[in-house]
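Worksheet: one structure, shown below.
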Amino acid sequence: MSQSVKAPKGVRLEHISKIYKDPKTHADFYAVKDCNLDIAPGSFITLLGPSGCGKTTTLRMIAGFESPDEGEIYLADQPINELTPNKRDTAMVFQSYALFPHMNVYDNVAYGLKLRGVPKNVIREKVMNILSLVKLDGMELRMTNQLSGGQQQRVALARALVVEPGVLLFDEPLSNLDAKLRVEMRTEIRRIQQKIGITAIYVTHDQSEAMSLSDQIILMKGGVIAQMGTPEEIYYHPNSEFVADFIGECNFLKGSVISCEDGIAAVNVNGHTVRVSASEGVKAGTEGTIVLRPEAICISDKGDLPCTVELSCFMGSYQNYHVRVGDTLVRIADNCPANKKVFSVGDTAYLSFDPICSHLL
């Protein structure tokens with residue numbers, strides 16, 4: 001199968017907007033506003049964000065189920081705004097699977113190829129190859145209602161892949177599965193995408209899904225792109241409190257900048273000096289917010305910031321602490337607590353952290 005797949009295609013969105021009318025006020029509002037994206041061929045991109053942020057609308061415009069009111073969408077440099085969904089070189093995997101219940105697995109997967117008039121012998125070869133790829137060998141005669149949720153999702157994935165689209169689109173495909181199966185299926189989706197090298201655009205509100213799947217994450221808020229970058233960039237260098245808080249758990253400490261040199265700022269927090277990573281251009285005397293991940297903090301008898309322990313809870317792989325620094329509650333995940341001092345509620349302790357594992361907004 002991997003040899004027969006066409007070259008993947010890039011996707012470009014230039015100043016794309018979608019305007020809807022509010023059913024109550026009848027006023028126009030932007031569901032997506034001035035969206036610019038350049039998605040490289042063969043990459044896995046995730047549109048991430050809370051409900052109503054515009055991610056699904058963006059995906060549906062790429063698929064052709066919605067038309068942009070402003071801007072142009074390109075598929076491999078071809079403008080596609082005027083093309084109907086079946087004329088675009090894309091295929092979508094839906095949240096609801098959208099399988100035909102009266103057809104068996106083979107016929108569900110073969111459906112798109114039959115519509116295209118592909119010869120029977122070629123259909124059989126392609127369908128059997130793709131069923132092997134999604135690990136459904138030997139299940140081609142099963143009816144879809146005899147399959148588990150995870151198997152049904154594999155059929156939906158196979159049906160989309162078998163027509164060899166230039167771009168594969170996913171609309172929250174794992175949200176109907178239980179937690180364990182979601183983790184298994186997202187691993188499978190990434191494995192298959194990397195094996196055949198297809199361009200994939202994936203929509204989810206689940207940040208752990210986005211982190212584990214993506215080459216690039218596009219985090220949206222209120223119809224606009226809040227930040228775009230690799231999972232590592234967005235996790236370690238968020239550009240706002242919204243982004244930091246949406247991707248993983250986060251602590252925010254307010255302070256004033258004492259000095260900044262070579263990307264490291266000295267910051268006064270409650271009369272104590274801590275060192276954090278900072279962007280170029282941070283000025284002494286300005287106020288800032290330190291972004292600090294729970295796993296980046298060390299708690300001990302000595303350190304930079306005094307605190308009072310308010311919660312101490314053993315979680316197996318880590319000790320979960322809530323501590324108070326001045327008026328601010330700070331959450332800590334102290335990994336591998338077996339050989340460390342465990343602090344109790346009411347204890348005074350000190351926090352420290354590597355400057356590189358922090359970020360100043």
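Along the sequence shown, residues carry numbers from 1.
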Lys/Arg cation over aromatic Tyr236: Arg293, 6.0 Å, 45° cone:
no

In this structure, are over 12 heavy atoms from other groups packed under 6.0 Å from Tyr350 atom OH?
no

Counting heavy atoms not belonging to Tyr111, are there more than 12 under 6.0 Å from its OH?
no

Side chain to side chain contact (heavy atoms under 4.5 Å, CB included) evaluation trace for Leu48 with Phe246:
CA-CA 9 Å; Leu48 175 68; Phe246 199 87; 3.7 Å; yes

Is there a donor-acceptor pair closer than 3.5 Å between any side-chain N or O of [X] and the backbone N or O of [Y]?
X: Asn81; Y: Gly71; value: yes
X: His359; Y: Pro238; value: yes
X: Ser352; Y: Gly303; value: no
X: Asn320; Y: Ala333; value: no
X: Thr204; Y: Asp206; value: yes
X: Arg159; Y: Ala98; value: yes
X: Asn268; Y: Gly255; value: no
X: Lys340; Y: Asn335; value: yes
X: Ser132; Y: Met128; value: no
X: Arg275; Y: Asp354; value: no

Return each pair, listed once, that meets salt bridge (charged side-chain N to carboxylate O under 4.0 Å, His left out) where at least one residue sits in [range]; pairs must be two or more places apart or across chains.
range: residues 247-266; value: Glu241-Lys254, Glu249-Arg331
range: residues 212-240; value: Arg190-Asp215
range: residues 299-318; value: Asp301-Lys341, Glu310-Arg324

Approximate separation, where rounding is to 0.5 Å, of [X] [atom1] and [Y] [atom2]:
X: Ile45; Y: Leu169; atom1: CD1; atom2: CG; answer: 12.5 Å
X: Leu161; Y: Lys126; atom1: CG; atom2: NZ; answer: 12.0 Å
X: Glu70; Y: Glu14; atom1: CD; atom2: CD; answer: 14.0 Å
X: Leu168; Y: Gln193; atom1: CG; atom2: CD; answer: 8.5 Å
X: Met185; Y: Thr187; atom1: CE; atom2: OG1; answer: 9.5 Å
X: Tyr97; Y: Leu157; atom1: OH; atom2: CG; answer: 12.0 Å

Go through the steps for Met139 and Tyr106 under the test side chain to side chain contact (heavy atoms under 4.5 Å, CB included), then give the verdict.
CA-CA 8 Å; Met139 303 186 77; Tyr106 182 94; over 6 Å; no

Would Asp38 and Arg12 pass as an ion pair if we require N to O under 4.0 Å?
no

May I ask you to test the [X]-[Y] pair for a side-chain heavy-atom distance under 4.5 Å?
X: Cys357; Y: Glu295; result: no
X: Tyr202; Y: Leu59; result: no
X: Ser67; Y: Met61; result: no
X: Val93; Y: Phe170; result: yes
X: Val134; Y: Val155; result: no
X: Pro85; Y: Phe65; result: yes
X: Ile218; Y: Met220; result: yes

Shortest non-hydrogen contact from [X] to [Y]?
X: Ile299; Y: Ala349; value: CG1-CB, 3.7 Å
X: Cys250; Y: Ala244; value: CB-O, 3.7 Å
X: Ser277; Y: Ile264; value: CA-CD1, 4.1 Å
X: Phe343; Y: Thr348; value: CE2-O, 4.2 Å
X: Pro231; Y: Met211; value: CG-O, 3.8 Å

All N/O donor-acceptor pairs, side-chain side in residues 174-183, below 3.5 Å, sequence neighbours left out:
| residue | atom | partner | partner atom | Å |
| --- | --- | --- | --- | --- |
| Ser175 | OG | Gln95 | NE2 | 3.1 |
| Ser175 | OG | Glu172 | O | 3.2 |
| Asn176 | ND2 | Gln95 | O | 2.9 |
| Asp178 | OD1 | Lys180 | N | 3.2 |
| Asp178 | OD1 | Leu181 | N | 2.9 |
| Arg182 | NH1 | Leu177 | O | 2.9 |

Qualifying residue for side-chain contact (heavy atoms from CB on, under 4.5 Å) with [X], from [options]:
X: Lys33; options: Val224, Ile225, Ile16; result: Val224
X: Leu253; options: Thr328, Val274, Val276; result: Thr328
X: Leu351; options: Asn251, Leu305, Val269, Leu292; result: Leu305

My understanding is that only residues two or more places apart in sequence, or in another chain, count here; which of them pass salt bridge (charged side-chain N to carboxylate O under 4.0 Å, His left out) with Asp107?
Lys114

Starting from the C-alpha separation in whole Å, work towards a yes-or-no answer on side chain to side chain contact (heavy atoms under 4.5 Å, CB included) for Ser279 and Leu360.
CA-CA 7 Å; Ser279 306; Leu360 185 68; over 6 Å; no

Donor on one side chain, acceptor on other, Thr230 and Gln216, under 3.5 Å:
no

Pairing donors with acceptors under 3.5 angstrom, does anything connect the side chains of Thr84 and Asn86?
yes

Should Ser312 and Gln319 be marked as a side-chain hydrogen bond (donor to acceptor under 3.5 Å, both in side chains) after you check the CA-CA gap, both sets of side-chain angles, and the distance that decides it?
CA-CA 7 Å; Ser312 178; Gln319 189 78 13; 3.0 Å; yes

Please walk me through it: do Glu140 and Asn104 pass side chain to side chain contact (heavy atoms under 4.5 Å, CB included)?
CA-CA 7 Å; Glu140 57 271 15; Asn104 62 23; over 6 Å; no

His322: what forms a ring-ring contact (aromatic ring centres under 6.0 Å, His included) with it, not counting sequence neighbours?
none

Can you check side-chain hydrogen bond (donor to acceptor under 3.5 Å, both in side chains) on Glu66 and Tyr20, steps first, answer last?
CA-CA 11 Å; Glu66 302 274 1; Tyr20 289 127; 3.2 Å; yes

